[in-house]
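Reading through the structure tokens given below for one structure.
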Amino acid sequence: MQIISTTPFGQRPVSADLIENQMLATRESDVAHFDKWELFRELCVARLSYGLSDRDMAVLNALLSFHQGRNLSDNDNLVVFPSNKALSERAHGMAESTLRRHLAALTGAGVILRHDSPNGKRYAAKDASGDITRAFGFNLRPLLIRATEITDRARETRAAAETYRRVREECSVMLRDATKLAEYGAEEYAKHDWESIQSLTTEYAKVLRRKLAFDLLNDLRRKLAALTGVIHDMLGMGKTSKTNKMSGSDNNNERHYQNSNKDSYDFEPSLDKEKADGQHPEIETLDKHRERSEKLNPQAPKLPLPLVLKTCGEIQNYAKDGVNNWYDFVATAHFVRSMMGISPDAWGKAQIAMGVENAAIVLACMLEKITEIHSPGGYLRALTQKAEDGAFSPGPMVMALLNGGDKNVA
């Protein structure tokens, strides 16, 4: 009876992986034979899924060269027994210590199997006719047994690589569009905050130069798609811009505004106090809102409304009839601020310091991160103080939210 070694020679211990690989070598193969060099090329493609490096594959290539014949066949002797010196020569002069490390990696991955002799040497015993009766060295049979699995993994790897390439191409095209459109917008539409947009494109360009994991690349594609959509809206190229144009200008929309909450839109301490004094605040019309906005902040907000709505979508859940213009946006922010626990005094000072629309933008940004803000009123007062000192604008807050960053944008 032929005895096949199942334990390693010398100090190498028996492990669960070793026993599993030994059992694998005794399984029946799905294919009777397979071209060894075709199988090697497939494994080169799928090598990362087996935890193998290119240097490991160079050693496997040298091992396969010692096997006689083109195909790995189930009825052939698949044990090769080169000496370290001969193997090193075919591995382009690799040092023996390095060679042993890569052989251990191939064995651990289960693509080859050791058959160690009693003294650890590699050799074959032949009968009188010259046929090999037993051999001690490296068994290539695991490659044949896993041939179908290897080709399947190679196919999956190629598909994943193609998907990665396509996503990276999309990112490159969107980044180019965003960069050039932002340059055009900075020249032709100076009223918008193009500086923040251009800083984002520069940041994304730096990220794209790296070799990203697929999840990070896919996340970058999502951010670039959002940024490109925002730029289109700012230039009047997007769907949101067309909708806003069809909705009519504020001049043709002289509807009255009356908030359901008990705080006046004006900057008085409290509507309840006015009622107690017998006063009845006048319902504010759009004309009055526009007149006060011009007094408080002659400059219109640099951030376009489509950009703010795309970034701070939570506030739209509180709009009764949707947000179609800045008036709707400010009115909704005024309604929401009491729900956030912000006093009329803090809100009024913020509107005076920042301007009506900009204060509403800040509140919308705060609403997106409301679970992370301990005291919304105190937070707004701190931003108001910065605005009074000329050291604050809502642009960085919006861009940080658009970029998905968790940094403190205040």
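Just the heavy atoms: all of them, side chains too, but no hydrogens, waters or symmetry mates, feed the values below.
- Listed by first then second residue, pairs satisfying salt bridge (Lys or Arg N to Asp or Glu O under 4.0 Å) with a partner in residues 358-368 number zero, not counting sequence neighbours.
- Evaluation of the side-chain hydrogen bond (donor to acceptor under 3.5 Å, both in side chains) rule for Arg166 yields no partner, not counting sequence neighbours.
- The structure places CG of Leu72 at 9.5 Å from CZ of Phe34, a figure rounded to the nearest 0.5 Å.
- For the pair Cys44/Phe40, a side-chain contact is recorded, criterion being any heavy-atom separation below 4.5 Å from C-beta on.
- Residues Leu64 and Leu143 share a closest heavy-atom pair of CD2-CD1, 4.0 Å.
- Val80 has its side chain out of reach of Asn139: every pair of non-hydrogen atoms, C-beta onward, lies at least 4.5 Å apart.
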Would you give me the side-chain donor-acceptor pairs under 3.5 Å for residues 212-222, sequence neighbours excluded?
| unit_1 | atom_1 | unit_2 | atom_2 | d |
| --- | --- | --- | --- | --- |
| Asn218 | OD1 | Arg221 | NE | 3.2 |
| Asn218 | OD1 | Arg221 | NH2 | 2.5 |
| Asp219 | OD1 | Arg222 | NE | 3.3 |
| Asp219 | OD1 | Arg222 | NH2 | 2.8 |
| Asp219 | OD2 | Lys223 | NZ | 3.4 |
| Arg221 | NH1 | Glu170 | OE1 | 2.9 |

| message | salt bridge (charged side-chain N to carboxylate O under 4.0 Å, His left out) for Glu156 and Arg153? Distances and angles first, verdict last. | response | CA-CA 5 Å; Glu156 292 170 0; Arg153 290 197 186 185; over 6 Å; no

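- When all heavy atoms of Arg146 and Val111 are compared, the pair lying nearest together is NH1-N, 4.5 Å.
- The side chain to side chain contact (heavy atoms under 4.5 Å, CB included) search around Ser172 returns Leu208, not counting sequence neighbours.
- Listed by chain and number, the residues in a side chain to side chain contact (heavy atoms under 4.5 Å, CB included) with Ala95 are Ser97, Thr98 (sequence neighbours excluded).
- Using a distance-only test at 3.5 Å, with no hydrogens or angles considered, no donor-acceptor pair links the side chain of Ser88 to the main chain of Asn84.
- With sequence neighbours excluded, the residues satisfying side chain to side chain contact (heavy atoms under 4.5 Å, CB included) with Val45 are Ala154, Thr157, Arg158.
- The number of heavy-atom neighbours closer than 6.0 Å to CZ of Arg55, taken from other residues, nucleotides and ligands shown, is 12 or below.
- For Arg381, the salt bridge (charged side-chain N to carboxylate O under 4.0 Å, His left out) partners are Asp345, not counting sequence neighbours.
- Scanning for ring pair (Phe, Tyr, Trp, His ring centres under 6.0 Å) contacts around Phe329 gives Trp326, with sequence neighbours left out.
- Side-chain contact between Leu227 and Tyr204 is present, with at least one heavy-atom pair separated by less than 4.5 Å.
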| message | Before you tell me yes or no, could you show the steps for Arg155 and Asp152 under salt bridge (charged side-chain N to carboxylate O under 4.0 Å, His left out), namely the whole-Å CA-CA distance, both residues' side-chain angles and the distance that decides it to 0.1 Å? | response | CA-CA 5 Å; Arg155 183 166 55 252; Asp152 288 344; 2.5 Å; yes

| task | Would you check, one step at a time, whether the test side-chain contact (heavy atoms from CB on, under 4.5 Å) holds for Tyr50 with Ile150? | result | CA-CA 9 Å; Tyr50 289 94; Ile150 291 171; 3.4 Å; yes

| request: Go through the steps to decide whether Glu169 and Tyr164 satisfy the test side chain to side chain donor-acceptor pair (under 3.5 Å), and finish with yes or no. | output: CA-CA 9 Å; Glu169 282 181 353; Tyr164 186 93; over 6 Å; no

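- When each of Val362, Thr311, Val230 is tested with Val398 by the rule side chain to side chain contact (heavy atoms under 4.5 Å, CB included), just one qualifies, namely Thr311.
- For the residue pair Leu63 and Leu103, the shortest heavy atom distance occurs at CD1-CD2, 3.8 Å.
- One finds the CG atom of Leu48 at 9.5 Å from the CG atom of Asp54 (value rounded to the nearest 0.5 Å).
- The shortest heavy-atom contact between Ala333 and Ala360 is CB-CB, 3.6 Å.
- Here the side chains of Phe392 and Gln385 are not in contact, with every heavy-atom distance at 4.5 Å or above.
- Leu380 approaches Ala346 most closely through the heavy-atom pair CD2-O, 4.0 Å.
- Atom CD of Glu195 has 12 or fewer heavy atoms from other residues, nucleotides or ligands within 6.0 Å.
- Judged by distance alone, the side chain of Lys310 and the main-chain N or O of Leu402 form no donor-acceptor pair under 3.5 Å.
- At a threshold of 4.5 Å between non-hydrogen side-chain atoms, the residues Arg141 and Ile145 count as touching.
- Side-chain contact between Met366 and Ile342 is present, with heavy atoms from C-beta onward closer than 4.5 Å.
- The side chain to side chain contact (heavy atoms under 4.5 Å, CB included) search around Thr371 returns none, not counting sequence neighbours.
- Here Ser73 contributes atom OG and Lys36 contributes atom NZ; the two are 10.5 Å apart, rounded to the nearest 0.5 Å.
- Side-chain contact between Cys312 and Leu367 is absent, with no heavy-atom pair separated by less than 4.5 Å.
- The shortest distance between side-chain heavy atoms of Leu401 and Lys369 falls below 4.5 Å.
- For residues 172-190, no pair satisfies salt bridge (Lys or Arg N to Asp or Glu O under 4.0 Å), with sequence neighbours left out.
- Atom CG of Asp35 and atom CZ of Arg41 lie 6.5 Å apart (nearest 0.5 Å).
- Under the 4.0 Å criterion applied to side-chain N and carboxylate O atoms, Glu162 and Arg165 are assigned as salt-bridge partners.
- Side-chain contact of Glu372 with Tyr379: a donor-acceptor pair under 3.5 Å is absent, judged by distance alone.
- Taking Arg210 as the reference, nothing meets the salt bridge (charged side-chain N to carboxylate O under 4.0 Å, His left out) condition, with sequence neighbours excluded.
- Rounding to the nearest 0.5 angstrom, the gap separating the CG atom in Leu363 from the CZ atom in Arg337 is 9.5 Å.
- Under the salt bridge (charged side-chain N to carboxylate O under 4.0 Å, His left out) criterion, Glu38 pairs with no residue, sequence neighbours left out.
- Within the cation-pi definition used here (under 6.0 Å to the ring centroid, within 45° of the axis), Arg114 does not qualify as a partner of Phe138.
- A side-chain donor-acceptor contact under 3.5 Å links Arg47 to the backbone of Leu52.
- Of the possible polar contacts, one joining the Trp194 side chain to the Gly185 backbone as a donor-acceptor pair under 3.5 Å is found.
- Other residues, nucleotides and ligands contribute more than 12 heavy atoms inside 6.0 Å of the NE2 atom of His67.
- Rounded to the nearest 0.5 angstrom, His102 NE2 and Met57 CE are separated by 12.5 Å.
- Side chain of Asp389 to backbone of Ala391: no donor-acceptor contact under 3.5 angstrom is found.
- The two residues Ile112 and Leu140 have their closest heavy-atom pair at CG2-CD2, 4.0 Å.
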